[in-house]
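Report on one structure; see the data block that follows.
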Amino acid sequence: MAGDGSLSKIRILVVDDNANMRRVIRQILGSFSAENVVEAENGGDAMRILDDASVDLLITDHLMEPIDGLDLIRAVRAKDCGRNPYLPVIMLTGAADVALVARARDAGVTEFLAKPVSAASLYRRLEVVIDRPRQFVRTPVFFGPDRRRRMDSNYHGPPRRDEDPQQGAA
Amino acid sequence: MTKQKPLEVITPPNMLKVKTGGQLPKFDERAVARAEQALKQLAHQFDDWMNEEVAKLEAAYAALAGGPVAGEAGETLFRAAHDIKGLGSTYEFPLVTRLAASFCRLIETEGLRKNADASLVRAHVEAIRAAVRDGVRTEDHPVGKLLLTELESRVARALAA
């Protein structure tokens with residue numbers, strides 16, 4: 001039934017090299033009943049956690065060393081890596097990081113959460129990944145959540161995929 | 001020749017929904033209010049945390065030793081500014097977030113760093129330090145607003161040049 005969902009059984013991995021930022025996110029998640037939160041300081045530590053434990057949702061920053069958020073996402077989506085390739089990933093970004101957004105989409109990010117992080121913005125992102133998950137797409141050069149958010153009824157241009165209905169097709 | 005369709009659309013099982021037992025309550029205002037209240041419990045530490053970030057910025061700037069914003073030291077300075085941009089508003093210093101955002105624009109890439117005006121770099125570091133030290137949190141502060149406007153316009157001019 002709609003509206004009964006509880007985050008209490010979800011394990012969330014929060015990856016950020018700033019301990020205070022991790023604490024802020026954990027504090028918000030705890031208020032949403034998401035108490036099962038594990039933390040990592042960088043992408044390398046996160047991968048070790050993902051290799052050893054079941055994680056349902058990944059929230060990651062971008063700028064980290066030695067392995068940053070983009071490389072972490074690529075590692076999650078990598079073929080035959082032994083991890084869950086469909087793991088939902090929310091990436092923390094600055095509001096104006098347009099170039100990063102494009103690279104993160106190509107790496108296979110699921111959603112973005114713009115800094116400054118607020119309780120409301122984090123809740124909305126959780127709603128999206130749980131209630132309106134994206135389909136995944138595999139091509140020779142890409143694997144990840146569909147980079148098209150939705151079918152745009154206002155788009156009247158030519159089809160952009162072979163799978164799209166062809167205009168004028170009999 | 002047959003045209004291949006090298007695209008596969010997959011609908012993975014929604015394990016999150018399985019574990020949550022259903023949809024999340026649509027924008028649960030009570031949960032959000034609880035979280036905002038929980039954040040307020042951390043607020044007394046925000047000034048200390050902001051000072052920690054400024055200390056990292058100052059250390060990164062000092063590591064340049066008067067030289068250009070370049071190499072690993074330049075990257076460290078950018079990351080420190082980027083962290084402040086992301087954290088300032090959360091720590092109730094939205095003006096500092098904007099100062100840091102201006103700084104990030106100035107030194108975002110190696111190419112920009114190479115040409116960054118040293119006095120403008122120093123001005124950003126000093127402005128961020130002063131705003132945090134003096135508790136200048138928002139654009140309501142007349143001097144803070146003036147400083148921000150001046151730095152943002154100088155960066156815009158530098159990037160346009």
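Proteins get letters first, then strands, A, B, ... in listed order; numbering begins at 1 in each. The figures that follow rest on heavy atoms only: side chains count, while hydrogens, waters and symmetry mates do not.
- Chain B forms the most heavy-atom pairs under 4.5 Å with one residue out of A:Leu57, A:Asn84, A:Asp61, A:Asp131, and that residue is A:Asp131.
- When heavy atoms are compared at a cutoff of 4.5 Å, B:Gln37 does not approach chain A at all.
- Residue contact with chain B, scored on non-hydrogen atoms closer than 4.5 Å, involves the backbone and the side chain of A:Arg138 alike.
- A salt bridge between B:Lys56 and B:Glu53 is present, with a side-chain N of the basic residue lying under 4.0 Å from a carboxylate O of the acidic one.
- There is no path of hydrophobic side-chain contacts, each under 4.5 Å, that joins A:Leu72 to A:Tyr86.
- With a 4.5 Å cut-off on non-hydrogen atoms, A:Asn20 touches chain B through its backbone and its side chain both.
- Both the backbone and the side chain of A:Leu126 come within contact range of chain B, each with at least one heavy atom under 4.5 Å from a heavy atom of that chain.
- The only option from B:Glu29, B:Arg34, B:Glu36 that meets the side chain to side chain contact (heavy atoms under 4.5 Å, CB included) definition with B:Val32 turns out to be B:Glu36.
- Using a 4.5 Å cut-off between heavy atoms, A:Pro85 makes no contact with chain B at all.
- Put simply, A:Ile73 and A:Leu92 are part of two different groups of oily side chains (I, L, V, M, F, W, Y) that touch within less than 4.5 Å, one to the next.
- Ranked by heavy-atom pairs under 4.5 Å with chain B, the list A:Phe143, A:Phe142, A:Phe32 is led by A:Phe32.
- Contact of A:Val141 with chain B is not made at all, since no heavy-atom distance falls under 4.5 Å.
- Looking only at heavy-atom pairs under 4.5 Å with chain B, the residue among A:Thr139, A:Val117, A:Leu29 that has the most is A:Thr139.
- Heavy-atom distances place the side chain of B:Glu52, and not its backbone, under 4.5 Å from chain A.
- Nearest heavy-atom pair across B:Ser119 and B:Arg154 is OG-NH2, 3.5 Å.
- Considering only heavy-atom pairs separated by less than 4.5 Å from chain B, the leading option among A:Asp16, A:Leu122, A:Ile10 is A:Ile10.
- With a 6.0 Å cutoff to the six-membered ring centre and a 45° limit on the axis angle, A:Arg124 counts as a cation-pi contact of B:Phe27.
- Under the 4.0 Å criterion applied to side-chain N and carboxylate O atoms, A:Asp17 and A:Arg22 are not assigned as salt-bridge partners.
- Remark: the backbone N or O of B:Lys85 is paired with a side-chain donor or acceptor of B:Thr97 at under 3.5 angstrom.
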